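Below is one structure, written out as structure tokens; the observations come after it.
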Amino acid sequence: MLDLTGKNALVTGIANNRSIAWGIAQQLHKAGANLGITYLPDDKGKMEKKVASLVEPLNPSLFLPCNVQDDEQVQSTFGTIGDKWGKIDILIHCLAFAQKDDLSGGFSQTSRPGFQTALEVSTYSLAQLAGAAKPLMSSGGSILTLSYLGSVRAIPNYNVMGVAKAGLEASVRYLAAELGPENIRVNAISAGPIRTLASSAVGGILDMIHHVEEVAPLRRTVTQLEVGNTAAFLCSDLASGITGQVLYVDAGYEIMGM
Ligand code: 0WE
């Protein structure tokens, strides 16, 4: 049975009720996990308010700002987790960002700062958070991140994010190799396209979703809650033998050749 009772789970990357991280948080809660939620703070505190009211029904015991571009904020976040929880069992990394103009046109036109931003926020942040969580995972743990098929195939306009996700999937393998001896497992879910705040800002996302609905073996796309169920499984003892893997939750789309 899937059971996460007694486990402390930190979930990053909730922006609104369409976030994949929100689907994951709900399923971890359903499985009995004790939740900590981080959000990306802004000047007006709008994100804090929005995410706080969204997650309230899940009774998170921690609710903290965490901008991964600010090392001090990450230190302070994990300092608080150490003080309040003592240990962390599950870390969910659902963070990505690229400048909008780097998600259209030619990849060869990507600017150096645009490339740096995308890889800093979307790729480096996994190693950064894993490093901060490691001392709090002394009795083992599970780290999970989210990827996309654009890491291994050339998907129109995904561009620098494809390079970032390729680096992210490689990071999963290096972190799994490093942290395995501490009984910390590290995996990724490669999700099919879903309408979220991030993807809705991308031109042609609905056409991509319709394409998947026609071609994928299950003839549909996946939901945030389906990704959440797989996340709960991967972070549970049911998946105790799985580490370093990228698991496709995409209605089977990835296997198709034509
Ligand atoms: O990883 C993602 C989303 C990545 C993303 C999206 C945005 C849009 C708004 C990162 N940064 C930004 N920055 C913004 O300003 N996905 C898997 C969803 C996605 O994004 C695409 C896709 C798909 C699918 C971008 C181009 C083509 C397809």
Side-chain angles (χ1 to χ4, degrees), residues 11-24 39-40 42 46-47 50 67-69 92-126 129 144-172 187-216 218 220-228 230-231 246-254 256:
V11 180
T12 65
I14 299 178
N16 64 20
N17 64 351
R18 284 193 164 170
S19 297
I20 296 176
W22 169 235
I24 294 175
Y39 61 91
L40 179 62
D42 55 63
K46 281 179 77 174
M47 193 62 102
K50 179 184 258 181
N67 178 350
V68 293
Q69 291 188 287
I92 307 291
H93 173 275
C94 299
L95 308 173
F97 179 75
Q99 284 166 24
K100 207 172 174 212
D101 43 306
D102 287 327
L103 296 174
S104 64
F107 173 64
S108 69
Q109 301 310 300
T110 308
S111 68
R112 189 186 300 269
F115 190 98
Q116 284 178 174
T117 300
L119 272 93
E120 181 190 349
V121 177
S122 316
T123 310
Y124 175 69
S125 62
L126 178 65
L129 295 187
L144 183 71
T145 188
L146 280 181
S147 194
Y148 177 60
L149 185 62
S151 61
V152 289
R153 310 272 175 77
I155 306 263
N157 298 320
Y158 200 60
N159 296 1
V160 72
M161 273 308 305
V163 174
K165 292 299 193 188
L168 183 75
E169 292 180 10
S171 302
V172 165
N187 293 289
I189 289 174
S190 185
I194 296 178
R195 279 187 76 175
T196 63
L197 182 65
S199 74
S200 299
V202 172
I205 189 72
L206 278 181
D207 292 335
M208 296 184 52
I209 288 173
H210 288 140
H211 170 75
V212 169
E213 287 168 351
E214 283 175 2
V215 173
L218 298 182
R220 61 180 182 84
T221 54
V222 294
T223 66
Q224 291 88 336
L225 288 174
E226 287 181 299
V227 175
T230 302
V246 179
L247 185 52
Y248 282 81
V249 179
D250 68 345
Y253 181 81
E254 182 265 346
M256 299 302 290

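Each ligand, and each atom within it, is numbered from 1 in the order the structure gives. On a predicted model such as this, the values are computed, not experimentally measured, just so you know.
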Between V152 and L149, does a side chain to side chain contact (heavy atoms under 4.5 Å, CB included) hold up when you go through it step by step?
CA-CA 6 Å; V152 289; L149 185 62; 4.0 Å; yes
Taking only non-hydrogen atoms of Y148 and a 4.0 Å limit, the atoms of ligand 1 in range are 17 (C), 24 (C)
So for M208 against ligand 1, with non-hydrogen atoms under 4.0 Å, the contacting part is side chain
heavy-atom search around atom 21 (C) of ligand 1 in the protein gives Y158 CD1, 3.4 Å
A student checking ligand 1 against I205 at a 4.0 Å heavy-atom cut-off should list atoms 23 (C), 24 (C)
Output for pair (Q99 CD, S111 OG), nearest 0.5 Å, gives 5.5 Å
Quiz item: Do N16 and W22 come close enough that some side-chain heavy atom pair is under 4.5 Å?
Solution: no
Of all protein heavy atoms, the one nearest atom 4 (C) of ligand 1 is M161 CG, 4.1 Å
**Ion pair check, R220 and E226, cut-off under 4.0 Å** = yes
Among non-hydrogen protein atoms, atom 26 (C) of ligand 1 lies closest to V202 CG1, 3.4 Å
Heavy-atom proximity to atom 10 (C) of ligand 1 ranks first, among A164, G204, A98, for A98
Between the OG1 atom in T221 and the CD1 atom in I209, the distance rounded to the nearest 0.5 Å is 6.0 Å
Taken to the nearest 0.5 Å, the spacing of M161 CE from F97 CZ works out to 10.0 Å
Distance col, row L144:CG vs I24:CD1, nearest 0.5 angstrom, shows 6.0 Å
Value for OG (S190) from NZ (K165), rounded to nearest 0.5 Å, stands at 8.5 Å
message = Can you tell me how the ring of F107 sits relative to the ring of F115, calling it parallel under 30°, perpendicular over 60° and tilted otherwise?
response = tilted
Residue, atom and distance of the protein heavy atom nearest atom 5 (C) of ligand 1 read L103 CD1, 4.0 Å
among protein heavy atoms, the one nearest atom 3 (C) of ligand 1 is A198 CB, 4.0 Å
**Prompt:** Just distances here: any N/O of F97 and N/O of ligand 1 closer than 3.5 Å?
**Reply:** no
Ligand 1 atoms nearer than 4.0 angstrom to some heavy atom of A201 are 8 (C), 9 (C)
So the atoms of ligand 1 within less than 4.0 Å of a heavy atom of P156 turn out to be 27 (C)
In ligand 1, the atoms that come under 4.0 Å of a heavy atom of S199 are 18 (C)
Checking heavy atoms under 4.0 Å, the part of A191 that sits near ligand 1 is neither
